[in-house]
Every structure is written in structure tokens, then in C-alpha cells.
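Here the structure is a predicted model, which means the values were calculated and not measured. Here is how names work: the chains are called A, B, and so on, in the same order as the sequence lines, proteins then strands, and each is numbered from 1.
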Amino acid sequence: MSRFRLYDLNPEQQRAATHESGPLLILAGAGTGKTRTIVARITWLVSTGTPASKILAVTFTNKAAREMKERIAGMLTEEQADDITASTFHALCVRILRGDADKLGYKSNFTIFDEGDQMGLIKKVINRVTAKDEKIDPGLAKNMISKAKNNGWAAPEDDETVIGAVYSCYNRELRALNAMDFDDLLTNAVRLLNDHPDVRDKWRARFSHMMVDEFQDTNRLQLDLVSLLASGDPPNVCVVGDDDQSIYGWRGAEVSNILEFEKHFPNPEVIRLEQNYRSTNTILTAANRLIKNNPRRRAKSLWSSVQGGDPVHVVSVPDDKTEAEFVVGEVGAIRNAQRVPWEQFAVIYRMNAQSRLMEENLRRLRIPYRLVGGKSFFDRREVKDILATITCLVNPQEDISLLRIINTPPRGIGATTVEIALEHSAKAHRSLFDTLTDSAFEEQVSRKTAAAIREFAENLAAVRIHLMTPGADAAALVSSYLADTGYFEDLKRSCKTPEEALNREGGAKEILNALATHQARKRGSVQDFLDELSLNREREEDKKDDGTGLTLITLHAAKGLEFPHVFLIGAEDGLLPHERSKTEGTVDEERRLFYVGITRAMKSLTITQCRNRMKFGSAMHCRPSPFLKEIEGEGVHAETYEDIMSRPLDEEDIGFSFASIRASLDD
DNA sequence: AGGTGAGCATTTTTT
DNA sequence: ATGCTCACCT
């Protein structure tokens with residue numbers, strides 16, 4: 001097994017990969033070969049006799065888990081690679097819970113509530129629990145419930161506060177539905193392992209070595225889970241992360257998990273990866289100058305063997321409109337001068353709203369781009385509708401889904417009827433569907449409404465019978481149900497532009513295709529399909545492989561990615577750091593965000609700053625970000641848009657200018 | 001039941 | 001500027 005080639009690794013990476021036993025903390029700076037090191041470590045463990053099946057690698061996203069599996073597959077035999085468990089925290093919890101959920105009073109076939117389901121239930125609960133004059137914002141309630149769960153706060157015994165009442169009622173409802181939300185998956189898994197030593201021992205015996213990626217993003221519960229699962233004495237836990245890239249504090253991540261790692265796992269070996277294989281030293285120096293202003297961090301200093309490089313440009317532009325024009329112009333100039341494809345460029349910003357001006361300019365010049373982030377495919381109306389329809393076809397007892405489709409398209413079961421039914425169902429502790437179809441309920445409503453309800457229920461039942469028949473073409477059945485009930489027509493009618501109609505149609509097709517593919521490939525049930533989707537909501541742009549074009553992306557979403565040429569826009573006080581972070585006292589995290597942005601760049605980095613920006617509809621004066629002062633120094637050139645424009649054009653630029661003029665004439 | 005306009009807030013996002 | 005919610009109107 002000397003296939004393992006240590007000489008591919010630098011000394012620190014090697015030390016990390018071959019660490020024998022006990023806790024290991026790998027502080028992996030941006031671009032220092034973090035994944036390569038984890039994969040090498042896994043390979044080393046296997047090659048020195050650890051059974052592959054005893055290795056557990058935990059990540060945050062499905063994408064990261066998949067990538068890790070792929071890279072492991074390239075290093076080991078297929079069988080070994082298959083035996084390694086690489087999973088997200090949440091998927092791991094589901095596996096743990098599916099086995100022993102009964103010990104917590106759930107049925108093992110509990111359903112998983114995604115954010116939409118959760119929101120629906122919270123709204124329902126708020127309507128039930130609160131008086132008309134004390135309605136609270138469901139979004140706020142959701143955040144507070146999530147925070148409470150993550151902090152391990154039980155619902156108050158007496159429903160004294162409104163929010164407390166909502167919290168406890170929400171939990172009761174989830175229980176009654178045999179459902180867990182995303183937070184429950186973690187809390188319940190932790191509770192199960194905590195309260196049931198036999199289960200804990202079973203899972204501890206299952207794995208001998210555990211790795212956790214992006215450890216700076218873990219929250220309290222995730223740390224608990226790691227502690228509970230880690231086996232060995234001292235525990236064989238290897239965590240990888242970078243406190244300087246901790247940018248998810250606002251959703252519960254605890255930087256202290258990595259800063260105080262020794263407290264949780266005493267006497268770890270600590271290895272710093274500081275050699276960067278991504279950026280030029282010029283870029284890294286600027287990044288180092290910035291981040292060293294943060295207190296409370298594990299000091300690291302990135303370096304690269306690539307000396308020099310283009311200077312970092314900091315450009316002051318008059319306003320956001322000019323900023324977009326300038327960036328697009330520069331992109332064109334670089335592409336023209338260096339003959340590089342659009343894929344090598346990224347424009348990175350703090351807020352999604354900043355993408356709009358960029359998009360307009362890119363479209364004008366016919367530059368292909370992909371927009372990362374924004375709304376998830378699964379948040380699209382038609383996708384939610386269709387998934388809710390499928391859910392109801394499989395199980396009409398799911399109130400939230402039923403509520404979504406009961407009158408979509410309009411079929412004569414209006415809000416008033418639903419309101420009454422909801423009241424009855426709460427009182428009788430029955431599902432909405434059962435309440436509606438109860439003969440006693442019919443007498444409460446008009447003949448017309450009763451007929452509408454009956455027709456709806458009969459239609460659902462008829463399709464369900466077909467759907468449950470083995471070998472049925474589920475996608476076709478669902479599709480014809482939607483067509484028969486006039487859903488597609490209704491969807492089209494509600495679109496303002498033909499473009500939107502086409503888009504929605506595409507979304508509908510895509511989700512139905514996914515169902516068909518799932519059935520064909522995995523021969524799984526429709527329930528399997530729904531389950532898988534609730535844990536694996538990939539963003540639209542991840543699925544499409546048309547990775548062509550320039551990338552527009554937020555700083556948060558850009559973490560982990562790299563681009564040869566990066567434009568970091570909107571470096572203004574109030575945007576980066578965001579105004580809100582100042583009142584919340586999280587400017588350090590904003591600095592890390594800026595740091596993440598800078599360290600995405602491989603070859604060139606241009607930072608722009610507007611002197612005026614449209615905010616809330618009116619032009620506002622902006623001061624440069626204080627972070628710009630912090631990166632000042634050798635290799636960082638500050639200039640103004642006016643300086644650059646009054647300079648004569650380079651020869652290469654001229655070619656692009658003609659192209660852009662021609663392109664803009666087309667419009 | 002469903003469409004329309006006033007009023008309002010407006011960071012970042014995964015599971 | 002813009003999108004979203006809610007109340008009110010047809």
C-alpha cells in the first residue's frame with residue numbers, strides 16, 4: 001500500500017495526513033490545500049490498516065460531501081471508497097434517528113420539514129394561538145424558535161409569552177405530525193445519543209476516526225454531536241477549518257468551537273497550513289494586512305511561492321452605475337488582452353441587490369454570465385405547488401401541503417371554508433383532509449362548496465390509487481392530474497410576461513423530470529423521492545452544468561471558490577462592513593467577509609468603491625470602507641475612475657472598445 | 001373569489 | 001427602486 005504518495009504534500013500537510021491518533025486541529029488558511037489534505041489523511045488511514053468503513057467525514061453541504069467522495073474515489077479502490085461515510089451533519093442525524101426514533105417517541109418514518117413546511121406550520125400556529133391584535137411576524141418567530149432549539153431551550157411550561165406559546169404549540173404540532181424540522185434533526189440526534197448510552201455506544205463503535213470539514217461553521221449542537229460520536233481515548237477527531245473565514249455567526253456558527261478547540265478536546269495536535277497555492281503574494285499580503293486587525297483569532301500568515309504578480313487595484317468610482325460599467329469594461333479589456341475565457345472572471349458583492357446593475361451591463365454587451373445565489377429552485381412557486389401536489393397525492397393528511405394546493409388552481413374551496421375547517425381540525429385533533437371530508441362538515445358549508453370538496457377529494461383518491469400501483473409512471477400521472485385540474489393553465493395565466501411563463505413551464509417540467517428520473521434510476525417510491533428532496537435541495541445553478549460565463553456571486557456564497565480574475569465591488573462603509581453589523585457589533589465578521597473575497601482571487605484583484613450609491617430609491621453619499629485603509633501598502637494601488645479614463649487607451653483595450661460599441665449598437 | 005393599490009421594509013444562506 | 005403583504009374593492 002505504498003501507493004500513497006506523501007511527496008505530493010508539503011511538510012505540514014504531510015504531518016496532518018499522517019497524524020496517528022487523538023485530536024487533531026488543522027488550521028487551513030484559504031487556498032492551502034485543505035480538501036487535498038483531508039483526502040490524503042483518509043487515504044493514509046486506510047493504507048495503514050484502518051477499515052474504510054470506520055471512517056466518517058462530515059461536511060455542511062451535500063456538494064462538499066459529494067466532492068469529497070469523488071476525490072476519495074480517485075485515491076482508493078472502488079470498494080474502499082464506497083465504504084467510507086461522507087455525509088452532511090443533517091443526513092448523518094437522519095441516519096442515526098431513523099434507527100432509534102422510537103426511543104424519543106417518534107415513529108421511524110418521521111417526515112422532515114424543510115424551511116417552507118416549517119414556515120407554513122408556524123403561520124398556522126400563530127393564527128391559532130395569538131389574538132388578532134398580537135399577531136407576530138412568522139419569520140421572526142421562526143428565527144427565535146430556531147435559536148431556542150439550537151441553544152437547547154425547552155418551551156416554557158406555561159404559555160406566558162406569545163412567542164413561548166407559539167413555540168410550544170409548534171412543537172406539539174410537529175410531534176403530532178410525526179415530523180422534525182432541520183433543527184430537530186440535530187437536537188433529537190444529540191438527545192438520543194445523550195440519553196441512550198446503548199445507542200451512543202453503537203454509533204461510537206461504528207466509526208473509529210471522524211473528520212469534520214469547515215469546523216469554524218459548526219454551531220453548539222454540531223459540536224455536541226461531534227463530541228458524542230468521537231471514539232477513542234483520546235478521541236480520534238480531526239477537524240479542519242479557518243477561523244479567519246468564519247462568516248456564518250449570524251446563523252448560529254460559533255467561532256469559539258475552533259478558537260477554543262483545546263477546551264473541548266484537550267491536548268490536540270495543532271497544524272497550520274499557511275502555504276497558499278491559489279493567489280499571488282501581492283494578493284496574499286493585502287489579505288494578511290487586513291485580517292491581522294481582527295482580535296481573537298489564531299494568527300496565520302499566508303504565503304505563496306509565486307512572487308509578485310499584478311498589483312491589487314482599488315478604484316474609486318463616482319456611483320454604482322459607473323461602477324458596473326467600469327467593471328464590465330475592465331473584464332472585457334482583460335479578456336481581450338490576455339485571451340482568457342469569461343469563466344475566469346467573478347464579480348463578488350455583499351448584497352444580492354448589487355447584481356442587478358451588473359446583469360444589465362453584461363446583457364447589454366452580450367457577455368455570458370451565471371448568477372449564483374438568489375432564490376432556490378425549490379422556492380419557485382411552481383416547484384412548491386407541484387411538490388405539494390405530489391405530497392398530497394401520496395398523503396393528503398399533510399396539512400401544510402394540502403393548504404397550499406387546496407385552491408390552486410381555484411376550485412371553489414375558498415379561504416372562509418378553509419378557515420372553518422382549520423378550526424374544526426384543531427379542536428378535534430384531526431387532519432385538515434379528514435375534517436373536510438367528514439360528512440358532518442358538509443352540513444356546515446354550502447352545497448356548492450360541499451360538492452367542490454367532494455370532487456377534489458375524489459380526484460386525489462383516484463390518482464392515488466394509480467400512483468400506488470406498482471410500476472406506475474408517477475410523473476405522467478401527476479402531470480395529467482395537474483393538466484386535468486387546470487393547474488398549468490392557471491400557472492400560465494398568472495404570468496406577466498411570456499418569458500416568465502416559459503420559465504415557470506421549465507421549472508414544472510424539471511421537477512416532473514426529476515421524479516421520472518428518480519423512479520427510473522433508483523426504482524424508489526414517490527415517498528423516497530420526496531424524502532431525498534427535502535434533504536438535498538440543490539440550487540438550480542449547481543445542477544445545470546452550463547458553467548459558462550462570468551460569475552456573479554455574493555461574498556458568502558463565494559467561500560471555497562476561486563477565480564483567476566476577481567472584482568470585489570461596493571467596498572463602502574455601510575455596505576462592507578454592513579451598517580447593521582456595526583449596531584450588532586459584528587464588524588470582525590465583516591472583515592473576515594472582505595478577507596474571504598480577497599482570497600478568492602488567483603491572478604488579479606480589483607476592488608471598487610462608489611462615492612455615491614442608490615439606496616432605497618435615492619442617491620446617497622458613501623464613504624470608502626475602513627477596510628481599504630487596512631490593506632493599503634506595497635502592491636495595492638489606489639486610483640480613481642477619472643484617472644483611468646483620462647489615460648490613453650492601451651492597444652488591447654481599443655479592440656474591445658470597438659466590440660462593445662458594436663454590441664451596444666445592436667440594442 | 002380574485003384582482004388592485006397603498007404602505008412598508010430593505011444582508012448574508014444551508015440543511 | 002422594488003418587491004411583498006394586507007386591506008379593500010369589484
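Distance A:F60 CZ to B:dT15 C1': 10 Å, rounded to the nearest Å. Straight-line distance from the CD atom of A:E579 to the C1' atom of B:dT12: 16 Å, rounded to whole Å. When rounded to the nearest whole Å, the span between CG of A:D181 and C1' of B:dT15 equals 11 Å. In this structure, the CG atom of A:L371 is 12 Å from the P atom of B:dT12, given to the nearest Å. To the nearest angstrom, P of B:dT13 lies 13 Å from CD1 of A:I348. The CZ-P distance, from A:R592 to B:dT12, rounds to 18 Å in whole Å. Rounded to whole Å, atom P of B:dT13 lies 18 Å from atom CG of A:D183. Counting to the nearest Å, the P atom of B:dT14 and the NZ atom of A:K142 are 12 Å from each other.
Annotation: cation-pi geometry satisfied between A:R175 and A:Y106 (NZ/CZ under 6.0 angstrom from ring centroid, within 45° of ring axis). Figure legend: cation-pi geometry between A:R591 and A:F594 absent, as NZ or CZ is not positioned both under 6.0 Å from the six-membered ring centre and within 45° of its axis.
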Going through the distances and angles, do A:L97 and A:L104 end up as a side chain to side chain contact (heavy atoms under 4.5 Å, CB included)? CA-CA 9 Å; A:L97 287 165; A:L104 299 177; 4.0 Å; yes
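Ion pairing of A:K321 with A:E325 is absent here, as no side-chain N (NZ or NE/NH1/NH2) approaches a carboxylate O to less than 4.0 Å. Comment: A:R220 engages A:D224 in a salt bridge, judged by a side-chain N to carboxylate O separation of less than 4.0 angstrom.
Once the 5.5 Å centre distance and the 30° plane angle are applied, the aromatic ring of A:W250 is found stacked with the base of B:dT12.
At least one side-chain nitrogen or oxygen of A:R580 sits closer than 4.0 Å to the OP1 or OP2 atom of B:dT10. Phosphate proximity of B:dT12 to A:N352: present, with a side-chain N or O under 4.0 Å from OP1 or OP2.
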Contacts under 3.5 Å, N or O only, protein and nucleotides 1-6 of chain C:
unit_1	atom_1	unit_2	atom_2	d
C:dA1	N6	A:F616	O	3.4
C:dT2	OP1	A:R356	NH1	3.1
C:dT2	OP1	A:R356	NH2	2.9

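What you find for A:R613 and A:C622 is that their closest heavy atoms are CB-SG, 3.6 Å. For the pair A:R600 and A:K559, the tightest heavy-atom approach, listed with the atom from each and the gap, is NH1-C, 4.1 Å.
When heavy atoms are screened at a 4.0 angstrom cut-off, A:E584 is found touching base atoms of the nucleic acid.
The side chain of A:T88 has B:dT15 as its nearest neighbour among B:dT15, B:dT14, B:dT12.
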